Protein chains: 2
Amino acid sequence: MEEPRQRARPGRTPAPAGRTSRPRQAEVARLAGVSQATVSLVLGARKQGATISEETRQKVLDAVRTLGYVPDPAASRLAAARNNLLGVFSFTSTFPTDVQHSYYPFLVGVEQEAAARGYDLVLFTGSSTGGAGAAGPHALNRVRLADGCLFLGRHAPADELRRLVADGFPVVHLGRRDELEGLAWVGADYISAGQEVVAHLAALGHRRIVLVREDDEAPASTDREHGFLKGLEEAGLPGGPAAVFRSADPERDLTAERLRGWLDDGVTAFVAEETDTGDAWRALHGTAHFVGIDAPRDASLALLGSPPPDLADGPSPTGFDVPRPQLGAAAVRMLAALVSGEKTREPLVACTFRPGSTAGPPPVRP
Amino acid sequence: MEEPRQRARPGRTPAPAGRTSRPRQAEVARLAGVSQATVSLVLGARKQGATISEETRQKVLDAVRTLGYVPDPAASRLAAARNNLLGVFSFTSTFPTDVQHSYYPFLVGVEQEAAARGYDLVLFTGSSTGGAGAAGPHALNRVRLADGCLFLGRHAPADELRRLVADGFPVVHLGRRDELEGLAWVGADYISAGQEVVAHLAALGHRRIVLVREDDEAPASTDREHGFLKGLEEAGLPGGPAAVFRSADPERDLTAERLRGWLDDGVTAFVAEETDTGDAWRALHGTAHFVGIDAPRDASLALLGSPPPDLADGPSPTGFDVPRPQLGAAAVRMLAALVSGEKTREPLVACTFRPGSTAGPPPVRP
DNA sequence: GCGTATTACTAATGCGCATTAACGAGTACT
DNA sequence: AGTACTCGTTAATGCGCATTAGTAATACGC
């Protein structure tokens, strides 16, 4: 019988012997005098199955400590396990030059909650300015290295997100996102918060309230309006289109005449939504000041959110605050739940009512 | 001849057939009628070596499109023996509740540069309670999961850092750190910057200049003093201990009497170092104001750094700015160089002179 | 004394991809 | 015809880890 000719052995070149590379489980095993499998068993917090003697366990752990062994995340994941890494993906850079527009407040909570649960964070930056990093059609794919990924901002391409979700990869979107079937998300409960603000005003005695908002279809915006209208309804106050003033440019359209007109019509309280720019509140605040309204004496003002930084020094507006760190933390909790296969939990985080100083009882009409 | 008994084949259970998993290169290969290796060659942007016919390339790309294949990053990185991950370690949390005390400005540059080079960032928090790797005495080992690691702040324990460096793990420290042999670092060139400020004052005509600094041995502090003294020397001005006022609590010790004494002695310009707290500048600024000095009319003031946030609204002090984003970027460049085995580069980043409005010609003495 | 548990560990295997030696086919040159 | 190349492709291999069948050793039951 002719022995089949021994083929040469292709494959990768062995690592250069010169530099000491990071230790592997094999080295740990050698040092501990056990097999690589045993090392894996000791390190993996197996819930059942193999048992390891305390003696062996200690030998292994000692070797791990001595060598400073740390598992390779890529290998862990490839072997169908996890690597205790959570991704944070933002299409725009996570650290924009301007802190104001950053996700910083959310990340505070994200980092804390992740650390508390034993996860480290991987920052995946989408198309950054330089963008040499092949921001191809599959840029989102890198996140698969982690056990799951958190998405900030609504810029993540829907089809790629859908793909991740369809593949069963744990994904959580920070901010409501219903249009994407199956996408888990956490968001602030703007509806309840808006409702609460209206309830507060109604309790003070206001009977005619107007909402000033921008021309925007984002959930954060429409939810606030829903909450506002719901609040009116529950208080038995007049709602309908007349209660909402919507404009693409409030600072231009919210004129003094218009404001005076409302006042003459018996409107005693005004509510503005919080926007990226803060324009709605700025317009309301500015025009009211211009007209000579002294809040809350002549009329009450409220803001569905926090004031923009440039107005932060003024009197604290009545309204609510979005608990951004808590939102980040909630997102991490949900992501962790998905990673471990648990059911998803309540996606809404309550906002906190801020009494402020711009709302009071309506003026007594002569 | 007895055939060796056929061992059973242990290993992992095959994936549940139920769910259609994502396509692999093998499936693409089958559809395209080529081998898996060919698929890998087509997809990988090989710089040299194998050549692929245009026909085959198209067949493969078509199959990729048909199946919607996307590479598994875990597998890619495992096979390529690098994770494309850079660690960022800060002993305090990376996102402190107070933005002011954060490394945010550095991270802006770190993120940009890392993204431009195709790296993702892993955030390690030293103080984190759980922190996956139980913040024991070997908490730093956790960073070995990345290809290299950037250290922010000087809280990282020296012995552990030393260990990483000794093991050939690529490490870069943000901020000068000479005492640790072999540690790569990048830092701001405080010496040149301090020198430049003094040169500016000297050029304006000042002949007696005093530096106010805290009682601190941090390189950022001593470097500023060196630069200051070097500047004096180059301008042929009197240096020595008399030119430097050092105090652990400048706000208490920098009294009005002392300041008046200097003025009487012919000192016409004062320089403060920038500190974490901004106390040196605050003391100098405050006492000068108290004494009735109007800068730059009665005397010139300069600051070796940027003013603290609470004084940011006042007149812009003459001095220099530390280009924090650029420092972060430079640190990433150096780290990337270390990871790919290149030589390290220039560790110093130049500060930018800020003319400001607190320095001018010395007053004409009667 | 022999079957059956139980315990403690190891060998073997594959995850999906990158890498490379080897090979067949074609071309060009002695 | 033999040699020397170039081109295009593939088989084989391993990256580092998790998983599981198997085994050896000891303990237990009757």
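Just so you know, these numbers use all the heavy atoms, side chains as well, and skip hydrogens, waters and symmetry mates. Since we're looking at a predicted model, the values are computed, not measured.
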**Asked** D/dA18, D/dA11, C/dC17: which one has an atom nearest the side-chain heavy atoms of B/S35?
**Response** D/dA11

**Request:** Could you state the atom-to-atom distance from CG of A/L41 to P of D/dT20 in whole Å?
**Result:** 11 Å

**Prompt:** If we only count heavy atoms from C-beta on, is the A/D72 to B/R144 side-chain gap below 4.5 Å?
**Reply:** no

**Message:** Nearest whole Å is fine: how far is C/dT10 P from A/Q25 CD?
**Reply:** 13 Å

**Prompt:** For A/A75 and B/T38, take the nucleotide of DNA chain D holding the closest heavy atom to each; which residue's nucleotide lies nearer the 5' end?
**Reply:** B/T38

**Prompt:** Is there side-chain contact between B/F151 and B/V171, with at least one heavy-atom pair below 4.5 Å?
**Reply:** yes

**Asked** How bent is the helix from C/dG1-D/dC30 to C/dT30-D/dA1, comparing axes over its five end pairs at each side, to the nearest 10°?
**Response** 60°

**Request:** Looking only at side-chain atoms of B/A79, point me to the closest of D/dT9, D/dG16, C/dG16.
**Result:** C/dG16

**Message:** Of the options D/dT9, D/dT19, D/dC15, whose atoms approach the side-chain atoms of A/A37 most closely?
**Reply:** D/dT19

**Request:** Apply the test salt bridge (charged side-chain N to carboxylate O under 4.0 Å, His left out) to residues B/D159 and B/R162: give CA-CA distance (whole Å), side-chain angles for both, the deciding distance (0.1 Å), then the verdict.
**Result:** CA-CA 5 Å; B/D159 47 346; B/R162 210 186 314 272; over 6 Å; no

**5'-most by nearest nucleotide on DNA chain C - B/A26 or A/T56** = A/T56

**Asked** How close or far is atom C1' of D/dT20 from atom CD of A/Q36, stated in whole angstroms?
**Response** 13 Å

**Request:** Would you mind reading off the distance between A/Q58 atom CD and C/dA8 atom P, rounded to a whole angstrom?
**Result:** 15 Å

**Fill in**
side-chain contact (heavy atoms from CB on, under 4.5 Å) with B/Q25: of B/L43, B/V42, B/T38, only one passes, and it is B/L43

**Prompt:** A/F106: what forms a ring pair (Phe, Tyr, Trp, His ring centres under 6.0 Å) with it, not counting sequence neighbours?
**Reply:** none

**Request:** Specify the separation, in whole Å, of atom CZ of B/R57 and atom P of D/dT9.
**Result:** 10 Å

**Request:** Please work out if A/V39 contacts a base, only the sugar-phosphate, or nothing of the nucleic acid, heavy-atom cut-off 4.0 Å.
**Result:** nothing

**Request:** Would you please test A/L152 and A/V110 for side-chain contact (heavy atoms from CB on, under 4.5 Å) and show each step?
**Result:** CA-CA 11 Å; A/L152 303 179; A/V110 169; 5.7 Å; no

**Item:** Between C/dC15 (P) and A/L78 (CG): distance, integer Å
**Value:** 9 Å

**Asked** Hey, does B/R163 have a side-chain heavy atom less than 4.5 Å from the side chain of B/D167?
**Response** yes

**Request:** Between C/dC15, C/dT7, D/dC7, spot the one nearest the side chain of B/T51, thanks.
**Result:** D/dC7

**Request:** Would you mind reading off the distance between A/I52 atom CD1 and C/dC9 atom P, rounded to a whole angstrom?
**Result:** 6 Å

**Request:** Could you check how far CZ of B/R24 sits from P of C/dC15, rounded to whole Å?
**Result:** 9 Å

**Message:** From C-beta outward on B/S53, which listed nucleotide comes closest to its side chain: D/dC17, C/dC17, D/dT9?
**Reply:** D/dT9

